[in-house]
2 protein chains.
Amino acid sequence: MTVTLADVAARARVSPATVSRVLNGNYPVAEATRERVLQAVDELDYVLNGPASSLAAATSDLVGILVNDIADPFFGIMAGAAQSAIGSTASGRAGGEKLAVVCNTGGSPERELMYLTLLQRQRAAAVVLTGGSYESPEHSAATAAKLARLAEAGTRVVLCGRPPVPGDGTAATLAFDNRSGARQLTEHLLSLGHRRIGYITGPDGYTTTRHRLEGHRAALAAAGLDDAPTVHGPYERAAGYEAARELLRRDPDLTAIVGASDTVALGACAALRDLGLSIPGDVSVTGFDDLPFAIDTAPSLTTVRLPLQEAGHRAGLLAMGTEDVPPGTVTTIGAELMVRGSTAAPRG
Amino acid sequence: MTVTLADVAARARVSPATVSRVLNGNYPVAEATRERVLQAVDELDYVLNGPASSLAAATSDLVGILVNDIADPFFGIMAGAAQSAIGSTASGRAGGEKLAVVCNTGGSPERELMYLTLLQRQRAAAVVLTGGSYESPEHSAATAAKLARLAEAGTRVVLCGRPPVPGDGTAATLAFDNRSGARQLTEHLLSLGHRRIGYITGPDGYTTTRHRLEGHRAALAAAGLDDAPTVHGPYERAAGYEAARELLRRDPDLTAIVGASDTVALGACAALRDLGLSIPGDVSVTGFDDLPFAIDTAPSLTTVRLPLQEAGHRAGLLAMGTEDVPPGTVTTIGAELMVRGSTAAPRG
DNA sequence: TTGAAAGCGTTACCAC
DNA sequence: GTGGTAACGCTTTCAA
């Protein structure tokens, strides 16, 4: 029923081996035979059998990109950058391309492991893990073991925006310095004169949540301030919305709010608006597409954003298999900060 | 080196056939043997070889979800819904799950075909195409041919939010009625008293672009209005931003602007803000997460949104392989509309 | 209920 | 440069 390599070989009057060589282009083949084979491929509309190929070659052209939340533009941008860096040619006929696919873990450690197993099962060429990871002894151990298996089976592992896995020495790592990124954000607020700063965290148990909060607190401590009000919640817009209202309920005199992620900050923006606090526009969304800009200012709202897109792009390169980004490279997070009141001065 | 099914069989003192049966669970196996096998699997930390399995079974557990822009939350939500509907259990050990992966075409017809070929090569269990498609005789023909091949090779094909492929009878289709959706949007504006309405389209050549514009024009025509100013551009925030400025340059007395997609409308919002036109908050962003709400109102900005999330969810169900949504089902688009001025009345 | 064995379609090694 | 031919690891009849 379906056309096989043998069919192509027969039509081109060559051996299957030769067809394989032409298709993979790793071996010298006479130009004449080459063309004959390609013509037969076209005429028969032959498509390589991936599983068979992967079985024989003991590797596939699948590259998995794991993200915590596919509906979050942050991950969309990361995944897109990685994917476009991997799938080089956009030419019509599929040649030796990798199949870059993104897998949505939803932030669930279980699903993460499941996807890793599924990719291991597929003998994936590479796996890219992005974003923060869940911190627990069991999950860390399980992940480390899984990554080790993948590595020894020949799958390249890349960690992007995620801390190194303890006890793992094989994964290429591009970590974000969440701690100092968050610290800088809060320092910036302090330098503007703010003293009552609310903080909205990410979900409990995640590395990014902890690191960013630590950075924030370090900045406050250095300024001799007690901990400002903090509300916990997932990296979701709705959580940011509720958290902002809760913060203002607790301390109506807050002059600034820091959201631990763009999505959260977005929700906070909406809450401020609904509370009748003047915000002139959808500043935080502006940020989503304007990552190259370090600072985006509006009349009564200031957004500071540390470079993130760059990290995304470099992640893409890494995933491609280039190794010009040394393991352990550190860049900063793309967190977001909001200052209420006029551009620089807190009110009151 | 790597553990094979034969190793498991040896350890469990059964035949490979039995191990296979236990793993796939399609065949009756004595409970005792079953447990012995599972124990051996655990002890050896065995992971099924996907390619080998797919080769023998002539099908894989891969499900591809094609999206036009992975950085666009619209597609993120769609993909997420489909993916979560497909990967049923979030249990730790990977069993008979499908590997739902999303592929980013970037709106390029070539990349779309390339991904289809790649998925065909993998003998994917199903392919879900989402969003508008590029209209050209060649591409339509190529796509139709490719989908036919996929179908006859046993791959389920689902079109979600994309018009049926001419000459194709195999794909399950969940089309959005972009024409009447857009018409309703503009009719709504007209009913509010607007007469000068700007329109920002999507990219040339796409079904969604054409259908939505047609609907918009039909509404205008029915109201006896000449075509209002229209600006073309891709489905990107930056394009919406520029387009809105351009529209207001051409006709400073516009009282409303319709964006052909959420992303575009977002950019328009930002432009209005930057022009000093009062918009009280990031309304369009509110929309992204608040899809269930049909109407979201703010003091001087009204957003109308036709149901979209529902479509997303049903798409997810479809992709799972259930067939309770008949092919050809029609729902409406998730377009967005912005009214400048007070809630209902156009200014001037 | 279980085992034996014949493929599945490529790749890659070894001759020619 | 090209052809023959063992793997590759699993699924699935067919028997027992």
Side-chain angles (χ1 to χ4, degrees), chain A residues 1-38 40-41 44-62 94-96 118 120-123 125 153-154, chain B residues 1-38 40-41 44-62 94-96 118 120-123 125 153-154:
Chain A
M1 198 71 264
T2 77
V3 183
T4 73
L5 187 144
D7 298 330
V8 175
R11 196 153 188 11
R13 307 183 147 283
V14 295
S15 75
T18 300
V19 176
S20 175
R21 291 196 265 255
V22 170
L23 260 33
N24 291 306
N26 328 323
Y27 253 66
V29 174
E31 186 54 26
T33 6
R34 205 185 109 77
E35 288 186 2
R36 207 139 36 85
V37 169
L38 288 179
V41 166
L44 296 175
D45 201 16
Y46 168 73
V47 173
L48 186 74
N49 183 317
S53 170
S54 298
L55 173 57
T59 180
S60 80
D61 52 6
L62 203 70
L118 251 21
Q120 177 184 6
R121 177 184 291 186
Q122 301 292 334
R123 302 299 187 257
Chain B
M1 198 73 266
T2 75
V3 182
T4 74
L5 187 143
D7 297 331
V8 176
R11 194 149 187 14
R13 308 183 147 283
V14 295
S15 76
T18 301
V19 177
S20 174
R21 293 196 262 255
V22 170
L23 259 34
N24 291 306
N26 325 325
Y27 260 65
V29 174
E31 187 53 27
T33 3
R34 205 185 110 77
E35 288 187 2
R36 206 139 37 86
V37 168
L38 288 179
V41 165
L44 296 175
D45 201 15
Y46 169 72
V47 173
L48 186 73
N49 182 317
S53 169
S54 298
L55 172 58
T59 180
S60 80
D61 52 7
L62 202 70
L118 250 22
Q120 178 184 6
R121 178 184 291 185
Q122 300 292 334
R123 302 298 186 261

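In what follows, every chain begins at residue 1, and chains take the letters A, B, ... in the order their sequences are listed.
- Relative to the side chain of A52(B), the nucleotides dC10(D), dG9(C), dA12(C) differ in distance, and dC10(D) lies closest.
- Looking at heavy atoms from C-beta onward, V14(A) lies in side-chain contact with R36(A) at the 4.5 angstrom threshold.
- One atom, CG of D7(A), and another, C1' of dC8(C), lie 14 Å apart when rounded to the nearest Å.
- Both P51(B) and N26(B) lie close to DNA chain D; mapped to their nearest nucleotides by heavy-atom distance, the more 5′-ward contact belongs to P51(B).
- For L5(B), whose side chain is taken as the heavy atoms from C-beta onward, the closest listed nucleotide among dG9(C), dT11(D), dT11(C) is dT11(D).
- The separation between L55(B) atom CG and dG9(C) atom P is 7 Å, rounded to whole Å.
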Legend entry - Trace of the side-chain contact (heavy atoms from CB on, under 4.5 Å) decision for V22(B) with T33(B): CA-CA 9 Å; V22(B) 170; T33(B) 3; 5.9 Å; no
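- With rounding to whole Å, L48(B) atom CG is found 14 Å from dC8(D) atom C1'.
- Rounding to whole angstrom units, CG of residue N24(A) and P of dT2(D) are separated by 16 Å.
- Proximity of a side-chain donor or acceptor of S60(A) to a complementary backbone N or O of R123(A) within less than 3.5 Å is detected.
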Inset, instruction - Decide yes or no on side-chain contact (heavy atoms from CB on, under 4.5 Å) for V37(A) and R21(A), but give the supporting numbers first. - result: CA-CA 10 Å; V37(A) 169; R21(A) 291 196 265 255; over 6 Å; no
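- Distances shown here put every side-chain N or O of S20(B) at or beyond 4.0 Å from the OP1 or OP2 atom of dC10(D).
- L5(B) pairs in a side chain to side chain contact (heavy atoms under 4.5 Å, CB included) with only one of the listed residues (V19(B), V41(B), T18(B)), which is V19(B).
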Identify all pairs in which a protein N or O lies below 3.5 Å from an N or O of nucleotides 2-4 of chain C, and state each distance.
{"unit_1": "dT2(C)", "atom_1": "OP1", "unit_2": "T33(B)", "atom_2": "OG1", "d": "2.5"}
{"unit_1": "dT2(C)", "atom_1": "OP2", "unit_2": "A30(B)", "atom_2": "N", "d": "2.8"}
{"unit_1": "dT2(C)", "atom_1": "OP2", "unit_2": "T33(B)", "atom_2": "OG1", "d": "3.2"}
{"unit_1": "dG3(C)", "atom_1": "OP2", "unit_2": "S15(B)", "atom_2": "N", "d": "2.9"}
{"unit_1": "dG3(C)", "atom_1": "OP2", "unit_2": "S15(B)", "atom_2": "OG", "d": "3.3"}
{"unit_1": "dG3(C)", "atom_1": "OP2", "unit_2": "T18(B)", "atom_2": "OG1", "d": "2.8"}
{"unit_1": "dG3(C)", "atom_1": "N7", "unit_2": "R21(B)", "atom_2": "NH2", "d": "2.7"}
{"unit_1": "dG3(C)", "atom_1": "O6", "unit_2": "R21(B)", "atom_2": "NH1", "d": "3.4"}
{"unit_1": "dG3(C)", "atom_1": "O6", "unit_2": "R21(B)", "atom_2": "NH2", "d": "3.4"}

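- Listed nucleotides: dG9(D), dC8(D), dT12(D). Nearest to the side chain of N49(B): dG9(D).
- Of the side-chain N and O atoms in T4(B), none sit less than 4.0 angstrom from OP1 or OP2 of dG9(D).
- When side chains are defined from C-beta on, L44(A) counts as touching R11(A), because their heavy atoms get closer than 4.5 Å.
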